[in-house]
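Inspection log for the structure reproduced underneath, given as structure tokens.
Keep in mind that the numbers below use all heavy atoms, side chains included, and drop hydrogens, waters and symmetry copies. Just so we're on the same page: letters track the sequence lines, and every chain starts at 1. Predicted model only: the values in this text are computed from it and were never measured.
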2 protein chains.
Amino acid sequence: MSDRHEVSHMIVRVARAHQLAATCLLRPLGLYLGQELLLMRLWERDDQSQADLAKALSLDPSTVTRTVRSLEQQGLLTRRPSERDRRALVVSLTDEGRALRDQVEHAWSELERAALAGMPDRQRAETLRVLRRLEGNLTAALPEIRAACPPGVPGDPGDPGDPHHP
Amino acid sequence: MSDRHEVSHMIVRVARAHQLAATCLLRPLGLYLGQELLLMRLWERDDQSQADLAKALSLDPSTVTRTVRSLEQQGLLTRRPSERDRRALVVSLTDEGRALRDQVEHAWSELERAALAGMPDRQRAETLRVLRRLEGNLTAALPEIRAACPPGVPGDPGDPGDPHHP
DNA sequence: CATAAATTATTGGCATGCCAAAGAAAACGG
DNA sequence: CCGTTTTCTTTGGCATGCCAATAATTTATG
């Protein structure tokens with residue numbers, strides 16, 4: 001063992017186990033992983049622009065675009081142009097979308113229950129503290145890390161010369 | 001706030017921040033997220049079958065297939081049929097693959113450093129304990145959760161009747 | 001020993017998620 | 001007031017990751 005990156009490894013493992021469980025719990029509700037987060041955000045505050053959602057969920061705008069469209073096709077929410085800002089779209093819940101709330105929250109409660117199983121209150125509080133600290137540390141470090149992260153690709157072709165034109 | 005699912009929410013946030021940072025750090029090395037885990041496993045123990053890798057990394061075999069092929073095309077590893085088991089493929093590192101080790105481990109050390117920044121040793125140990133506990137709890141709960149997880153789809157067409165044939 | 005069952009790898013489909021680029025519309029500047 | 005810059009959304013490309021189904025081979029079973 002003697003791993004010098006144990007915390008990172010554990011973060012990866014915890015995340016995958018959590019995702020797998022969430023995927024399973026969400027499936028009977030007809031939702032894919034990630035869609036529930038968008039809905040939760042809308043349950044907390046309805047009628048938001050996609051940009052707001054992207055910011056609140058720390059998601060790429062393009063991801064929000066596609067997930068919102070998927071949820072729209074499922075009839076859980078609505079997209080209509082904003083009147084104040086003619087380039088923004090306002091996302092609103094439908095009755096169907098509101099109706100899903102209880103089930104989704106129940107699923108997430110099971111997830112929470114599983115994660116914290118067998119922990120006394122003290123330990124649960126400590127768990128939350130630790131996670132908050134990790135999140136704070138990582139998001140604090142992100143700007144610096146991203147600054148050193150050059151744009152471009154992994155399989156960098158070096159010089160595209162003429163990257164195809166419309 | 002008064003969120004009843006704070007831990008789950010934090011797990012999601014920690015995971016995304018971690019992934020984002022890792023993606024950035026790996027990019028200059030020409031690696032995508034996840035590929036480094038496979039390589040790390042091979043650095044620890046070379047010449048493994050894909051099934052072994054899948055099990056060790058808790059990955060779906062099909063994911064291993066594709067990631068391994070990608071790494072093979074980058075010249076970092078080799079795939080050759082096993083002699084004992086004629087259906088298995090043995091994955092082995094190339095010199096190039098071995099040469100990447102230092103850089104990847106350095107990148108992960110930065111990740112680890114960022115995650116644990118400003119924590120005294122005591123707190124680092126506690127962090128690890130918490131993550132181990134979460135992982136243990138979630139993977140312990142997974143079988144039961146998956147048992148209740150019906151196969152089939154989200155947008156279930158109910159009865160496909162004739163799900164198209166080759 | 002033949003037959004049923006489990007294992008290994010692959011393919012195709014689908015979803016999330018990122019980045020990069022592009023078109024509209026708004027905010028900002030001189 | 002016009003030009004520049006920022007913001008909002010979308011599209012296309014690419015990668016990971018899952019599931020389901022298939023083919024080949026091994027192992028277990030009666």
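- Regarding contacts with the backbone of D:dC18, every side-chain N or O of A:Thr23 stays at 4.0 angstrom or more from both OP1 and OP2.
- The minimum heavy-atom distance between A:Leu138 and B:Ala17, with the atom names listed, is CB-CB, 3.8 Å.
- Rounded to an integer number of Å, the gap from OH of A:Tyr32 to C1' of D:dC18 is 10 Å.
- Inspection of the B:Ser92 and B:Asp47 side chains reveals an N or O donor paired with an N or O acceptor under 3.5 Å.
- Note: CD (A:Gln19) to C1' (D:dC19) measures 15 Å, nearest angstrom.
- Remark: B:Arg16 CZ to A:Leu57 CG distance equals 7.0 Å, nearest 0.5 Å.
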Collect all protein-nucleotide pairs involving nucleotides 7-13 of chain D in which both atoms are nitrogen or oxygen and the distance is under 3.5 Å.
{"residue": "D:dT7", "atom": "O2", "partner": "A:Arg87", "partner atom": "NH1", "Å": "2.3"}
{"residue": "D:dT9", "atom": "OP1", "partner": "A:Gln50", "partner atom": "N", "Å": "3.3"}
{"residue": "D:dT9", "atom": "OP1", "partner": "A:Leu89", "partner atom": "N", "Å": "2.8"}
{"residue": "D:dT9", "atom": "OP1", "partner": "A:Leu89", "partner atom": "O", "Å": "3.2"}
{"residue": "D:dT9", "atom": "OP2", "partner": "A:Ala51", "partner atom": "N", "Å": "2.4"}
{"residue": "D:dT10", "atom": "OP1", "partner": "A:Arg79", "partner atom": "NH2", "Å": "2.4"}
{"residue": "D:dT10", "atom": "OP2", "partner": "A:Gln50", "partner atom": "OE1", "Å": "3.2"}
{"residue": "D:dT10", "atom": "OP2", "partner": "A:Gln50", "partner atom": "NE2", "Å": "2.8"}
{"residue": "D:dT10", "atom": "OP2", "partner": "A:Thr65", "partner atom": "OG1", "Å": "3.0"}
{"residue": "D:dT11", "atom": "OP2", "partner": "A:Arg69", "partner atom": "NH1", "Å": "3.0"}
{"residue": "D:dG13", "atom": "O6", "partner": "A:Arg66", "partner atom": "NH2", "Å": "3.2"}

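- Using a 4.0 Å heavy-atom distance criterion, A:Gln35 is classed as a sugar-phosphate-only contact.
- Taking atom CG on B:Leu33 and atom C1' on D:dC14, their separation rounds to 14 Å, with Å as the unit.
- Of the candidates C:dC19, D:dC18, C:dG17, D:dC18 carries the atom nearest the B:Arg146 side chain, counting heavy atoms from C-beta on.
- Between the CG atom of A:Leu38 and the P atom of C:dA15 there is a distance of 16 Å, given to the nearest Å.
- In this structure, A:Leu26 atom CG and D:dC18 atom C1' are separated by 14 Å, rounded to whole Å.
- A salt bridge links B:Arg98 and B:Asp95; the closest N-O separation between the charged side-chain nitrogens and carboxylate oxygens is under 4.0 Å.
- Note on residues 110-122 of chain A: pairs passing side-chain hydrogen bond (donor to acceptor under 3.5 Å, both in side chains), not counting sequence neighbours, are A:Glu112-B:Ser8.
- Counting non-hydrogen atoms under 4.0 angstrom, A:Ser82 reaches nothing in the nucleic acid.
- In this structure, A:His18 places its NE2 atom 16 Å from P of D:dC18, rounding to the nearest Å.
- Across the protein-nucleic acid pair, B:Gln73 atom CD and D:dC14 atom P stand 13 Å apart, rounded to whole Å.
- None of B:Gln123, B:Arg124, B:Arg129 except one satisfies the side-chain hydrogen bond (donor to acceptor under 3.5 Å, both in side chains) rule with B:Glu126; the exception is B:Arg129.
- The CG-P distance, from A:Leu39 to C:dT16, rounds to 12 Å in whole Å.
- Note: B:His9 and A:Trp108 have tilted aromatic rings, judged against thresholds of 30 and 60 degrees for the angle between ring planes.
- Nearest-nucleotide positions on DNA chain C for A:Glu83 and A:Thr67 put A:Thr67 closer to the 5' end.
- One finds no side-chain N or O of A:Arg86 lying less than 4.0 angstrom from the OP1 or OP2 phosphate oxygen of C:dA24.
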